[in-house]
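In what follows, residues are counted from 1 in the order of the sequence shown.
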Amino acid sequence: MFGVEGELFLLKDAKGRAFLIHLKEGGVFHHHRGTVPHEEIRKAGPGGRVWTHLGEELSVHHPTLEEYLLHMRRSATPTYPKDASAMVTLLDLAPGMRVLEAATGSGGLTLFLARAVGPTGLVESYEKRPQHLAQAEANVKAFWQVENVRFHLQSLEEAQLERESFHGVALDLMEPWKVLAKATEALKPDRFLVAYLPNITQVLELVQRVEGLPLKLERVLEVAWREWEIRLPVAHPRFQQVGHTAFLVAFRKWKDC
């Protein structure tokens, strides 16, 4: 028998709609085309199929990190998977590294960071809003049962950080320049700080505020992700696309002279 109490599954119907569920004893999944007991989903297991009592077929999967991030409960607007994966690349993270994050939000970027640094690494995540932190902790622990994230209920401005102790800094804040000096001091030389900013005005402000700090602007970019619809023999871009979500601003730290 597959599955355990609380295990995550993703069901997909014939139209590609996805539904995230947590298995529970006696639970029932409700689709607009009928219902399926959780026990049937448990028996089918990942890669299997189930049918509602009205005959609707659903495929059964363990959610990928991308799928989970798009369907998990949110207390704040999440970092889109395309941006989160790009931030991991820009930070050049690897197993065993230590990374600083602010703010935690709903925990989507936290999950990408945690998986990148692996069981031997560590994510120190700061969030000053209690309701956001509570939801983020629940989201992270439901998907990632590895104890490599420390959650802190406080703003990064209030944190006591060890000098040059982090391999990377990820900032998803409206005014990241308020914590820039502290975050830079905590970053190891020749490592990266990446900020996630919705509009170009914030980018310009951040770049201006970097003056006087040992940071060099490396890149400013947007991540485009264009999906295509394939229905043989026809192929065309999907009519609904995720356009602009944010600017990613990457800095590299110089050694203090």
(Q) Set out, in order, the CA-CA distance, both residues' side-chain angles and the distance that settles side-chain contact (heavy atoms from CB on, under 4.5 Å) for Thr35 and Thr52, then state yes or no. (A) CA-CA 5 Å; Thr35 60; Thr52 71; 5.8 Å; no
Q) Crowded around Arg73 CZ? As in, over 12 foreign heavy atoms under 6.0 Å? A) no
Q) Hey, is the main chain of Leu91 close enough, under 3.5 Å, to the side chain of Arg191 for a donor-acceptor pair? A) yes
Q. If you look at every heavy atom in Ser155 and Tyr126, which pair is closest and at what distance?
A. O-CD2, 4.3 Å
Q: Using a strict cut-off of less than 4.0 Å between a Lys/Arg side-chain nitrogen and an Asp/Glu carboxylate oxygen, indicate whether Glu185 and Lys182 qualify as a salt bridge.
A: no
Q: Check whether more than 12 heavy atoms from other residues, nucleotides or ligands sit under 6.0 Å from atom CD of Gln145, and answer yes or no.
A: yes
Q.
Here's a test for you: under side chain to side chain donor-acceptor pair (under 3.5 Å), which of His62, His61, Lys12 qualifies with Glu67?
A. Lys12
Q: Starting from the C-alpha separation in whole Å, work towards a yes-or-no answer on side-chain contact (heavy atoms from CB on, under 4.5 Å) for Arg49 and Val60.
A: CA-CA 6 Å; Arg49 294 177 295 169; Val60 181; 5.8 Å; no
Q) Take atom CH2 in Trp51; do more than 12 heavy atoms of anything else shown fall under 6.0 Å from it? A) yes
Q: Would you indicate whether the side-chain heavy atoms of Pro130 and Leu153 approach each other to under 4.5 Å?
A: yes
Q | side-chain contact (heavy atoms from CB on, under 4.5 Å) between Val249 and Leu171, worked out | A | CA-CA 10 Å; Val249 189; Leu171 300 179; over 6 Å; no
Q: Examine the side chains of Glu222 and His244 and answer whether a donor and an acceptor come within less than 3.5 Å of each other.
A: yes
Q. Judged by atom type as modelled, is there a donor-acceptor pair below 3.5 Å linking the side chain of Gln202 to the main-chain atoms of Met174?
A. yes
**Q.** Other residues, nucleotides, ligands: >12 heavy atoms within 6.0 Å of Lys128 NZ
**A.** no
Q) Is it true that atom OH of Tyr80 has more than 12 heavy atoms of other residues, nucleotides or ligands lying nearer than 6.0 Å? A) no
Q. Would you call Glu124-Arg98 a salt bridge at under 4.0 Å N-O?
A. yes
Q) Given Val179 and Leu173, is the side-chain contact (heavy atoms from CB on, under 4.5 Å) satisfied, shown in steps? A) CA-CA 9 Å; Val179 301; Leu173 301 165; 3.7 Å; yes
**Q.** Distance-minimising heavy-atom pair for Gly107 and Val140
**A.** O-CG2, 3.8 Å
Q: Give the intermediate values and the outcome of side-chain hydrogen bond (donor to acceptor under 3.5 Å, both in side chains) for residues Thr184 and Lys253.
A: CA-CA 7 Å; Thr184 301; Lys253 182 179 177 180; over 6 Å; no
Q. Can a salt bridge be assigned to the pair Glu227 and Arg238 using a cut-off of 4.0 Å between side-chain N and carboxylate O?
A. yes
Q. Is Asp190 salt-bridged to Lys255, going by a charged N under 4.0 Å from an acidic O?
A. no
Q. Just how far is it from atom NE2 of His38 to atom CD1 of Ile21, taken to the nearest 0.5 Å?
A. 4.5 Å
Q | More than 12 heavy atoms of other groups within 6.0 Å of Glu25 CD | A | no
Q. What pair of heavy atoms forms the shortest contact from Leu58 to Phe29, and how long is it?
A. CD1-CE2, 3.8 Å
Q.
Under 6.0 Å from the ring centre and within 45 degrees of the ring axis: does the NZ or CZ of Arg252 meet both conditions for the six-membered ring of Phe192?
A. no
Q. Under 3.5 Å, is there a donor-acceptor pair linking the side chains of Gln135 and Ser75?
A. no
(Q) Using modelled atom types and a 3.5 Å cut-off, is there a donor and acceptor pairing between side-chain atoms of Asn139 and backbone atoms of Ser106? (A) yes
Q.
Are Phe19 and His31, when compared by the centres of their aromatic rings, separated by less than 6.0 Å?
A. yes
Q: Verify the distance criterion only: is there a donor paired with an acceptor across the side chains of Thr104 and Ser125 at less than 3.5 Å?
A: yes
(Q) Tell me if a side-chain donor or acceptor on Glu175 pairs with a main-chain N or O of Trp177 at a distance below 3.5 Å. (A) no
Q. Looking only at heavy atoms, what is the nearest atom pair of Pro81 and Trp225, with distance?
A. C-CZ3, 4.1 Å
(Q) If the threshold is 4.0 Å, N to carboxylate O, is there a salt bridge linking Arg231 and Glu229? (A) yes
